[in-house]
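Written below as structure tokens is the structure these notes are about.
Proteins get letters first, then strands, A, B, ... in listed order; numbering begins at 1 in each. As a basis for the values below, the full set of heavy atoms in this structure was taken, side chains included, without hydrogen atoms, waters or symmetry mates.
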Amino acid sequence: MIGGLAITPAAMLSLSCVLLGIWSVFVGARDWTGRWQWRADGPLGWPLRRLASRWLRDSRLAAWVFSPQGIGVMGLVRMMAGATLIAQPQAWALPVALLLLIIVQVTRSAWMPADGGEKLAQAVAVGAAMLWIGIFADSRPWRLAGTAWTGGQLVIAYFGSGLSKLLLRRWRNGEAPHGALSSFTSGRALTAAFVAHPRRARAFGWMVLLPELLFPFALLLPLPWLVAVLLCFLGFHLVIVWVMDLVAYPIAFAAAYPFVVLASISLRQVLGLA
Amino acid sequence: MRLVDGLGWFALLLVVGALALGLRQQFVRLTPRTMLLERLGLASQWKFFGQQVIDQCDWIFEDLHLLVRRSGEHVGPWQRVPLGKPRGVWTMLWSPQGQLGAMVGNAMEKLASAEERRPLRLAPDCLPYLTVLRAALDAAAPREGEAIQFAVASCTGHRRPRTVTLRFLSAWHQP
């Protein structure tokens, strides 16, 4: 039990689906509201975008999907699937909603690059679908597959971004955080003042890349410690919301955290640490 | 063994394989084949401000601005094209027009990078060029007989002294 919540696969699936649902309603509403950006005579219109794809160039379906109507419909589907994931009215409704989310995400990714939040939300949806099969059919391998998929994706996401920063000279010497947090696009006056001093910028860079790099080891920690680590990462994401306006990210990442908890429990059992 | 469990073990095997692929993806340069894995969500590359270009490009963290001017009888002044609303508390939570700003910004970055690598060699029918031109035409549609030119400039943001540098200058275009 953590904070009155039983740590069972069913409870973790439910929690993850609620968070994924909130994310989905949010990005669906954003797609619906901003669907005009895909009008045919605009910079994102299909007549221009089709030039980027060899396979979809002459597809009439793709032309509709990436029009204001298509993007609007995908936004509506995301909102409805999200509302279903939040309400969880029937057991069968959950996999249907997850499947719809996966279809929308794969369709969008065929043409436009997904951001980190979208990629992780897709990993959560796939893992949740497998975990649902595991719970519904009482099958341990499916539960393990779902847990390993989403938990593993989050571990790779943090580790990969920590590693990529470690390999960059400008992250190691603080120039990168100084540059990013001093721009109008991805910084604010306060963050610019904070990283103005090279030593502070370098310390901040290492404060970001080291926890990311060491995140895989968090899976070996006892549950309360793991939860504390996850809350710290969530706090970091919330600060990023304020600094960089990436509001959808923390919800998508938080949706993957219950899977990390389940993965940690399984791993500690295998290693005899439980 | 139940069929569902057998399928489950198979799914677990696939998951382990895909995770191994995903781990490998962190160390490779993206090619069309690895991009396909990325787009299908099977093996993603996670960077979060850790892109290779950071070590290669001096202005990567500068803000890029789109500027437009028109010419009829005289050449008009440069005008800055806003690609979204000014940042504020509300835009932090809700900015549905962000996709447009992000994609046009991305195209401007590509133009500026290409110009830096091979000056004056960029074909005006490439997608980044057409994307930015379309955004410029949207913002300042020329009247009949007028032509339009756009520029990409970078600015050092909150850093002092604040400097502005021209990164790309387009040809003149008449719709």
Side-chain angles (χ1 to χ4, degrees), chain A residues 30-31 33-34 37 41-45 48 51-52 105-106 109-110 112-114 116 119 122-123 126 130 133-134 137 139-142 144-145 148-149 152-153 156-161 163-165 167-171 176 179-180 182-189 192-193 241-242 245 247, chain B residues 2 4-12 14-16 18-19 22-23 25-27 38-41 44-52 54-55 60-64 87 91-100 102-105 107 126-127 130-135 138 155-159:
Chain A
R30 197 180 57 185
D31 283 353
T33 317
Q37 295 168 107
D41 62 349
L44 305 190
L48 269 186
L51 301 175
Q105 191 51 49
V106 172
S109 304
M112 51 184 144
K119 287 195 282 190
Q122 186 180 340
V126 173
M130 289 195 276
I133 297 172
S139 167
R140 186 164 173 267
W142 277 107
L144 281 176
W149 176 249
Q153 287 290 344
I156 292 175
Y158 281 141
F159 172 74
S161 44
L163 181 71
S164 63
K165 292 183 184 84
L167 296 176
L168 294 172
R169 178 183 49 83
R170 283 197 170 141
W171 263 99
S182 302
S183 70
F184 290 137
T185 319
S186 55
R188 295 200 177 257
V241 169
W242 171 68
D245 295 355
V247 72
Chain B
R2 293 187 305 159
V4 69
D5 286 342
L7 289 172
W9 288 118
F10 182 64
L12 185 59
L14 289 180
V15 162
V16 171
L19 287 176
L23 198 58
Q25 188 90 332
Q26 310 311 310
F27 301 94
E38 170 106 15
R39 291 194 165 199
L40 291 172
S44 299
Q45 200 171 58
W46 303 92
K47 296 284 188 185
F48 298 130
F49 283 84
Q51 283 80 0
Q52 196 76 42
I54 288 172
D55 263 3
I60 192 68
F61 287 121
E62 293 185 7
D63 297 296
L64 292 180
R87 292 183 70 190
T91 56
M92 183 171 82
L93 300 171
W94 185 249
S95 53
Q97 73 280 21
Q99 193 84 43
L100 180 69
M103 299 221 22
V104 175
C126 69
L127 185 56
L130 292 173
T131 302
V132 182
L133 176 60
R134 189 66 256 177
D138 268 8
C155 162
T156 48
H158 293 288
R159 274 175 286 177

Inset, instruction - Any chance you could measure A/Lys119, atom NZ, to B/Gln45, atom CD, to the nearest 0.5 Å? - result: 7.5 Å
Legend entry - A/Trp142 CH2 to B/Trp9 CH2 distance, which is reported to the nearest 0.5 Å: 12.5 Å
Legend entry - Heavy-atom pairs under 4.5 Å with chain B, option from A/Ala193, A/Gly34, A/Gly179 with the top count: A/Gly179
Legend entry - Proximity breakdown for A/Ala114 and chain B, heavy-atom pairs closer than 4.5 Å: neither
Inset, instruction - Please report the C-alpha distance between B/Trp94 and A/Val247 in whole Å, then the side-chain angles of each, then the deciding distance to 0.1 Å, and finally whether the side-chain contact (heavy atoms from CB on, under 4.5 Å) criterion is met. - result: CA-CA 8 Å; B/Trp94 185 249; A/Val247 72; over 6 Å; no
Inset, instruction - Under 4.5 Å heavy-atom distance to chain B, tell me which part of A/Ala123 shows up: side chain, backbone, both or neither. - result: neither
Inset, instruction - Measure A/Leu48 against the heavy atoms of chain B and call it side chain, backbone, both or neither at under 4.5 Å. - result: both
Legend entry - B/Phe49: ring pair (Phe, Tyr, Trp, His ring centres under 6.0 Å) partners, not counting sequence neighbours: none
Inset, instruction - Output the distance between atom OG (A/Ser161) and atom CD (B/Gln26), rounded to the nearest 0.5 Å. - result: 8.0 Å
Inset, instruction - Among the options A/Gly160, A/Pro43, A/Ala180, pick out the one with the most heavy-atom pairs lying under 4.5 Å from chain B. - result: A/Pro43
Legend entry - Contacting moiety of A/Gln153, where chain B heavy atoms sit under 4.5 Å: both
Legend entry - Which portion of A/Tyr158 sits near chain B, non-hydrogen atoms under 4.5 angstrom: neither
Legend entry - side chain to side chain contact (heavy atoms under 4.5 Å, CB included) partners of B/Asp55, counting only residues at least two apart: A/Leu168, A/Arg169, A/Arg170
Inset, instruction - Please state whether the side chain, the backbone, both or neither of B/Val104 comes within less than 4.5 Å of a heavy atom of chain A. - result: side chain
Legend entry - Side chains of A/Met130 and B/Val15 in contact at under 4.5 Å (non-hydrogen atoms): yes
Legend entry - Choice from B/Leu23, B/Leu14, B/Thr131 maximising heavy atom contacts with chain A below 4.5 Å: B/Thr131
Legend entry - Heavy-atom contact with chain A under 4.5 Å, split by part of B/Phe10: neither
